[in-house]
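Take a look at the structure set out below.
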Amino acid sequence: MENVKQLLAVRRQKLQKLIEMGVDPFPNKCKRTHKIKTLLDNQKEYVNKQQKVIITGRLDAMRRQGKVGFGNVSDESSRIQIFVKYDIVGEVNYEVFKLLDLGDFIQVDGECFVTKMGEYSVKAKQVTILGKSLRPLPTVKEKVVDGKVQRYDEFSDIELRYRKRYMDLLLNPQNKMNFELRAKIIREIRTFLDSRGYLEVETPVLQPLYGGAFARPFITYHNTLDIDLYLRIAVELYLKRLLVGGFEKVYEIGKNFRNEGMDRNHNPEFTLLELYQAYANYNDMMDLTEDMVIHIAKSIFGTDTINFQDQEISLAKPWRRASILDLIEEETGFDASDFDFEKIKAFCKKNEITIYPTAGPGKLIEEIFKEFVEAKLIQPTFVIDFPKEVSPLAKEKPGNPNLVERFELFIYGNEYGNAFTEINDPIDQRERLEAQMKLRELGDTEANLIDEDFLEALEYGMPPTGGLGIGVDRLVMLFTENTSIKEVILFPQMKPEA
RNA sequence: GCACUCGUAGCUCAGUUGGCAGAGCAGCUGACUCUUAAUCAGCGGGUCUAGGGUUCGAAUCCCUACGGGUGUACCA
């Protein structure tokens, strides 16, 4: 740490020197006439008429050479070289220039020109410090070889990149793209849904009861009310209340919180799109999902084909729709359609699938699917008609009391969405939740709770409804070709450092 | 949770069989009035993640802890 102290001390000394010279290292005012990109876009014209410009940005390279010096300044738009000459800026300003460190924010008043070596630059008339950097940033250098940018000493430590995201963004500008694309994707989701008449709503993050998904919640406490509250694990039960209230098409994009393990597909807080539509069912939700994902792909990337992990994935309609039972049979030859518990248990035992005490045949079918099928679903696939046992909010499939109208969307072996024809029969819904409570009593910590207020709402009447949930982070991962959710969340959850 | 793996200067990394902790960049001093991974000369900078053990001697071998990654389990 001695070294760090020295590096910090040096910068503070420079700060002191500037102050002694009467220079404010953190002025309140600055001026900019051009973004750097504008300079690049108008190079010929600006060079010809020696365009006067004032640029601002961070000094990220410096090559001083006696009484002349070069630097590079970056703003959000781009990066350009500056040329600072003693004879032009004068003795005092040149002293200031010499006291600059990499990472300082500066303003350069000057004019556009081309150096002897042919590089388009800003010839400084004055260099003004806008914000002193008191801590050294790692230096990443770049060199263009055969038109390709080669980077040296890249800031690449994954842990540091996540913990100090600002450095990652600053030093690895290509990583900013993930987050720009994330914003665009979410914007296109809204554009798409808004144009189809869905109303965006906001429902409570702090809930007295949690529901709508299988997950353990985060618990918090409200002082004045003197009650525990839960951070939502889903917004489902609130959005359905809105359908009772007469809204016909609603959606919410927001953070949900699940108190579970973390890995490259799971962050404790994550962004979920949930959508409910009256007078619709899960088939409509499949159509909608296809249209929405294709809209995103085409409007942002101009194509309905994407590459992920060297696999070409076609988003063109229609996506495969196959039942979970058919897929299992396809992969394993095992026919579970009779829901014969003993037979299914035997199959699980033979294949070393854990049989939890609370699991029935439906749960085991889901386990078999995970074990044998999931990873095989590379191209977009709607896996449909799930066991009723594992779907307490989904409506039974006509003609088969073991199944419900539900689908999960899989792409490249990962789950992206979950949807069903929603239960609007309050009696059925109560029975399903009561069955969940029994599981809970048997030790299933993720089983659903009974939300009496929600059941009461259903009793007033809810229209037949299709509901959909899409994992937004995963969608962003897909479109940005990332295999870790931490790459698409600006500040992913990390263990505290020792 | 379990398994494997990594942790050395601000950053990127090397470190042989267990034998004086290194390089480049960044920093500091000096030279240089058109450089661009600027160059040249010199200098400073380390609790080798932490703690314990083996050993004459540990960055290196062993154990434990912490942190990261990967896989697996869990997770709609």
Side-chain angles (χ1 to χ4, degrees), chain A residues 1-11 13-14 61-72 79-88 94 101-103 113-119 121 123 135-145 149-164 167 171 212-216 233-234 236 256 258-268 270 272 353-354 356 363 366-367 369-371 374 383 386 390-394 406-410 415-420 445-446 448 469 471 483-484 486 494-498:
Chain A
M1 286 299 109
E2 210 41 46
N3 189 22
V4 184
K5 280 186 194 158
Q6 283 181 21
L7 294 171
L8 297 185
V10 165
R11 293 204 171 204
Q13 281 162 20
K14 289 184 183 175
M62 177 110 91
R63 297 172 293 282
R64 280 206 303 108
Q65 193 182 316
K67 290 197 162 56
V68 65
F70 298 85
N72 288 82
R79 182 169 191 253
I80 197 164
Q81 176 169 274
I82 60 166
F83 174 64
V84 182
K85 193 174 178 182
Y86 179 90
D87 293 346
I88 298 176
Y94 201 75
D101 284 303
L102 297 182
F113 85 120
V114 174
T115 64
K116 280 183 189 165
M117 293 300 288
E119 176 150 348
S121 309
K123 188 189 289 174
R135 199 174 273 274
L137 282 164
T139 36
V140 178
K141 296 199 173 187
E142 289 183 351
K143 183 187 183 182
V144 178
V145 182
V149 178
Q150 267 195 325
R151 313 191 86 219
Y152 300 82
D153 299 329
E154 196 150 15
F155 180 71
S156 57
D157 184 285
I158 292 174
E159 185 177 353
L160 276 179
R161 283 185 45 234
Y162 297 154
R163 286 191 196 279
K164 311 276 183 202
M167 290 215 251
L171 301 169
F214 292 117
R216 281 152 64 195
I233 59 172
E236 171 147 2
N256 286 262
R258 298 188 184 173
N259 206 340
E260 292 164 346
M262 294 157 54
D263 59 34
R264 49 189 231 172
N265 282 310
H266 299 262
N267 196 62
F270 63 104
L272 202 57
I353 291 171
T354 315
Y356 289 93
K363 178 70 182 163
E366 197 180 32
E367 294 298 325
F369 168 77
K370 283 182 181 173
E371 177 70 25
E374 261 190 25
V383 178
F386 275 66
V390 295
S391 315
L393 299 165
R406 169 182 171 191
F407 73 78
E408 285 190 351
L409 169 62
F410 283 85
E415 189 202 332
Y416 286 81
N418 185 20
F420 18 94
T445 54
E446 286 169 358
N448 283 242
T483 54
S484 170
K486 288 189 167 81
M494 302 286 280
K495 281 194 200 177
E497 288 174 283

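Below, chains carry the letters A, B, ... as their sequence lines are ordered, and counting in each starts from 1.
Nucleic acid contact for A/Tyr356: sugar-phosphate only, since backbone atoms but no base atoms lie under 4.0 Å from a heavy atom of the residue. Residue A/Gln150 is classed as having no contact, given no heavy-atom separation below 4.0 Å to the nucleic acid. Counting any heavy atom pair closer than 4.0 Å across all strands shown, A/Glu142 reaches sugar-phosphate atoms only and no base atom. Within the nucleic acid shown, A/Leu8 has no heavy atom closer than 4.0 Å to any nucleic acid atom. If you check every strand for non-hydrogen atoms under 4.0 Å, A/Pro268 touches nothing.
Nearest nucleotide to the side chain of A/Leu160, out of B/C34, B/C75, B/C11: B/C11.
A gap of 10 Å separates the C1' atoms of B/U35 and B/U39, to the nearest Å. Remark: the separation of the P atoms in B/G7 and B/U49 is 8 Å, to the nearest Å. Annotation: B/G53 and B/A58 have their C1' atoms spaced 11 Å apart (nearest Å). Look at the C1' atom in both B/A21 and B/C63: the space between them is 25 Å, to the nearest Å. B/G44 sits 10 Å from B/U29 when the C1' atoms are compared, rounded to a whole Å. Across B/U55 and B/C61, the matching C1' atoms stand 10 Å from one another, rounded to whole Å.
Remark: the backbone N or O of A/Val68 is paired with a side-chain donor or acceptor of A/Tyr94 at under 3.5 angstrom.
Scanning atom types as modelled, one donor and one acceptor separated by under 3.5 angstrom connect the side chain of A/Gln81 and the base of B/U35. The base of B/U35 does not come close enough to the side chain of A/Gln65 for any donor and acceptor atom to sit less than 3.5 Å apart.
Here the P atom of nucleotide B/U33 and the NZ atom of A/Lys85 are 11 Å apart, to the nearest Å. The distance between atom CZ of A/Phe369 and atom P of B/C75, rounded to the nearest whole Å, is 15 Å. Atom P of nucleotide B/C74 and atom CD of A/Glu374 are separated by 11 Å, given to the nearest angstrom. The OH atom of A/Tyr152 sits 13 Å away from the C1' atom of B/U12 (whole-angstrom rounding).
Under 4.0 angstrom from either OP1 or OP2 of B/G67 there lies at least one side-chain N or O belonging to A/Lys495. Using a 4.0 Å cut-off, some side-chain N or O of A/Arg163 falls inside it from OP1 or OP2 of B/G68. Taking only side-chain nitrogens and oxygens, A/Arg63 never comes nearer than 4.0 Å to OP1 or OP2 of B/U35.
Between A/Phe83 and A/Phe113, the angle of the ring planes lies from 30° to 60°, which puts this pair in the tilted group.
With a cut-off of 3.5 Å on both pairing distances, the Watson-Crick and G-U wobble pairs of RNA chain B assemble into stems of 3 or more at B:1-7 with B:66-72, B:10-13 with B:22-25, B:27-31 with B:39-43, B:49-53 with B:61-65.
Projected onto RNA chain B by closest heavy-atom contact, A/Glu260 and A/Asp157 fall at different nucleotides, the more 5' of which corresponds to A/Asp157.
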Nucleotide N/O of nucleotides 24-30 of chain B paired with protein N/O under 3.5 Å:
residue : atom : partner  : partner atom : Å
B/G24   : N2   : A/Asp153 : OD1          : 3.2
B/G24   : N2   : A/Asp153 : OD2          : 3.4
B/C25   : O3'  : A/Lys141 : NZ           : 3.0
B/C25   : O2'  : A/Thr139 : OG1          : 3.3
B/A26   : OP1  : A/Lys141 : NZ           : 2.7
B/A26   : O4'  : A/Thr139 : OG1          : 3.1
B/C28   : OP1  : A/Lys14  : NZ           : 2.4

Restricting to nitrogen or oxygen on both sides, can you table the protein-nucleotides 69-72 of chain B pairs closer than 3.5 Å?
residue : atom : partner  : partner atom : Å
B/G71   : OP1  : A/Arg264 : NH1          : 2.9

